[in-house]
Structure formats: C-alpha cells, structure tokens
Amino acid sequence: MLYKLAHLIKNHFSFVWDSIEWINATLFSILHASQLKALPSLLENCSNDYIYRLADLTDVDALVEFFREQPENAFEFFKPHEFDAKSISKIIKNKAFLTFIVCKDNQIVGYFFLRCFINGKCFRGKMVHNKWQGRGIATRLGKVTSKITNLLGLRMFGSISPDNLASLQSAKASNDIRIHRTLDNGYYYIEFLPQKE
C-alpha cells in the first residue's frame, strides 16, 4: 500500500514528492551525523586493490559515461533513477541517497547506493561495469554495504526479479537474505542480512 502511494505521489505530485525527499534527507543527515562522518574512514579501510568512496559532483560526468558504456540489457532489472547528468547530480546532492563508486586505476568499475529513510530502513542498488564482471566485485559490494548499514544502524532491503539469477546469486554470496514477499511486479522484496559466521 505504501509502495503504491509513494509511486502515485512521485509520478503525479512531484512538488509533494520533492518536499518529502527534502524532509527525509534533512532529518536523516541530522539523526546520523556522527556515523556519516565516520563513513569515509570505513570506506578507506574496505579499500584494497579497489578503492571505495562516496561519489561527489566531480564524478557526475564519469558516472554518465559509466552508465552510457553499459549494454542495454544491463538496465533490464536496474532502473533506480535516470542516468543523465542532471539526475545524477540531484542524487549525489541528496543527503539520504548515499552514492558510492568503486575505482580501479582511476576508472569507475562499479556503482552502488543506499537510499536511506528516517524509519531505519534503506534500499540497496549496485552495478558493476560489464567489462569488470566476473571478478567478485559485486560480492564485495554486498559486504561493504553491510558494513555501512551496520555503521548507520539501518536495515537493508532491495527488490530482485526472480528472473535475475545473477543478482540473486550475488546477493546470496555476500548476505543472508530473507524474502519478505513478492511485489505486484513479480519482484522479490528482500532483506539483506549480515552473513552468519
């Protein structure tokens, strides 16, 4: 019900949606101020042969190029936002839409985000450059996002199509998953849990 209501507001009352987004982002950044300050250090500790960091506005053009380079089928199951410069800039400025990049030799090889809410939940999304797939990057991203959500004290959710076997396998490789229900579009509504030792 809330999912349908949110999409109705977003699609037909954009000014209301923008106000809700601003309030959520402002309150989230206040409530999690100390944890957000610790985020760069956590990402630095996770970095090794790949560098994980928060995206900033200087990354917009490179992210547009990153998405442009992906084959059309890469977006069959991944449509969290638009991929033009204006949309990416707006997302990066949103204090509750935490956007991250993965770099290798100053090249963006991966992108992931946590869309966070003041109710203690967040939604995860990730994409690995098609030329860098098969190297375990997606699994690492899953583990890094678990560390981030642990730091922020958030429960992490996402939706995965049962037809997207690669994403399901990647999710299971980095997290224990709990399927809460099947959405109207047929996607699984999943909670990503830290893997048990």
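Computed from a predicted model, the values in this text were never measured in an experiment.
Residues in residues 43-58 take part in these salt bridge (Lys or Arg N to Asp or Glu O under 4.0 Å) pairs, two or more places apart or across chains: Asp49-Arg140, Arg53-Asp59.
If you run ring-ring contact (aromatic ring centres under 6.0 Å, His included) between Phe97 and each of Phe28, Phe123, Phe113, only Phe113 comes through. Checked against Tyr111 for a ring-ring contact (aromatic ring centres under 6.0 Å, His included), the options Phe67, Phe83, Phe100, Trp132 give a single hit: Phe67.
Under the 3.5 Å distance criterion, the side-chain polar atoms of Thr26 are left unmatched by any main-chain donor or acceptor of Ile23. In this structure, the side chain of Thr145 engages the main chain of Gly142 through a donor-acceptor pair within 3.5 Å.
The side-chain heavy atoms of Thr99 and Ile88, taken from C-beta on, include no pair separated by under 4.5 Å. Between Pro162 and Tyr188 the shortest side-chain heavy-atom distance falls below 4.5 Å. Under the 4.5 Å side-chain criterion, counting only non-hydrogen atoms from C-beta, Ser159 is in contact with Leu183. Taking 4.5 Å as the limit, every side-chain heavy atom of Val128 sits out of range of all side-chain heavy atoms of Val102.
A donor-acceptor contact under 3.5 angstrom links the side chains of Lys126 and Ser170, judged on distance only. For the 3.5 Å distance criterion, the side chains of Arg124 and Asn175 qualify, holding a donor opposite an acceptor.
Using a 4.0 Å cut-off between a side-chain N of Lys or Arg and a carboxylate O of Asp or Glu, Glu21 and Lys90 do not qualify as a salt bridge.
Minimum interatomic distance between Leu151 and Gln35 (heavy atoms only, all atoms of both residues): O-CG, 3.3 Å. Closest of all the heavy-atom pairs between Ile108 and Ala62 is CD1-CB, 3.7 Å. Contact record, Ser146 with Thr149: O-OG1, 3.0 Å, taken as the closest heavy-atom pair. In terms of heavy-atom proximity, Ser161 sits nearest to Leu168 at O-CD1, 4.0 Å. For Tyr52 against Leu141, the heavy-atom pair with the smallest separation is CE2-CD2, 3.7 Å. Here the closest heavy-atom approach between residue Leu114 and residue Cys122 is recorded as CD2-SG, 3.9 Å.
Heavy-atom contacts from other residues, nucleotides or ligands closer than 6.0 Å to NZ of Lys104 number more than 12. The environment of Asn48 atom CG is dense: over 12 non-hydrogen atoms of other residues, nucleotides or ligands sit within 6.0 angstrom. Atom CD of Gln107 has more than 12 neighbouring heavy atoms from other residues, nucleotides or ligands inside a 6.0 Å radius. Heavy-atom neighbours of Asn130 CG from other residues, nucleotides or ligands within 6.0 Å: above the threshold of 12.
Between the NE2 atom of His81 and the CZ atom of Arg115 there is a distance of 9.5 Å, given to the nearest 0.5 Å. Within the model, atoms OG of Ser174 and NZ of Lys143 stand 7.5 Å from one another, a figure rounded to the nearest 0.5 Å. To the nearest 0.5 Å, atoms CZ (Phe66) and CD (Gln70) are separated by 4.5 Å. Taking CZ from Arg155 and CG from Asn150, the interatomic distance works out to 14.0 Å, rounded to the nearest 0.5 Å. Considering CG of Asn185 and OG1 of Thr182, their distance stands at 9.5 Å, rounded to 0.5 Å.
Taking hydrophobic clusters as Ile, Leu, Val, Met, Phe, Trp and Tyr residues chained together by side-chain heavy-atom distances below 4.5 Å, Phe112 shares a cluster with Leu36. In the hydrophobic clustering of ILVMFWY residues, with side-chain heavy atoms under 4.5 Å counting as a link, Ile92 and Met127 come out together. Two different hydrophobic clusters hold Val144 and Ile101 under the rule that ILVMFWY side chains link at heavy-atom gaps under 4.5 Å. Residues Leu54 and Ile51 are members of separate hydrophobic clusters, defined by side-chain heavy-atom contacts under 4.5 angstrom among Ile, Leu, Val, Met, Phe, Trp and Tyr. Ile30 and Leu152 are members of different hydrophobic clusters when ILVMFWY side chains are connected at heavy-atom separations under 4.5 Å.
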Q. Yes or no on side-chain contact (heavy atoms from CB on, under 4.5 Å) for Ile177 and Glu191, after CA distance, side-chain angles and deciding distance?
A. CA-CA 6 Å; Ile177 64 170; Glu191 183 171 3; over 6 Å; no
Q: Test side-chain contact (heavy atoms from CB on, under 4.5 Å) on Leu98 and Leu39 and set out the steps.
A: CA-CA 10 Å; Leu98 305 178; Leu39 198 46; 4.3 Å; yes
**Q.** Candidate pair Ile160 and Phe77, rule side-chain contact (heavy atoms from CB on, under 4.5 Å), full reasoning
**A.** CA-CA 8 Å; Ile160 300 178; Phe77 302 111; over 6 Å; no
Q.
With side-chain contact (heavy atoms from CB on, under 4.5 Å) as the criterion, how do Cys116 and Leu154 come out once you've worked through the C-alpha distance, each side chain's angles and the decisive distance to 0.1 Å?
A. CA-CA 8 Å; Cys116 307; Leu154 301 174; 3.8 Å; yes
Q. Do Phe157 and Phe192 pass the ring-ring contact (aromatic ring centres under 6.0 Å, His included) test, and can you show the C-alpha distance, the side-chain angles, and the key distance before you say yes or no?
A. CA-CA 6 Å; Phe157 295 84; Phe192 300 99; 8.4 Å; no
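Residues forming a ring pair (Phe, Tyr, Trp, His ring centres under 6.0 Å) with Tyr187 (at least two apart in sequence, or on another chain): none.
Taking the ring centre of Tyr189 as origin, the terminal cationic atom of Arg181 falls inside the region bounded by 6.0 Å and 45° from the ring axis.
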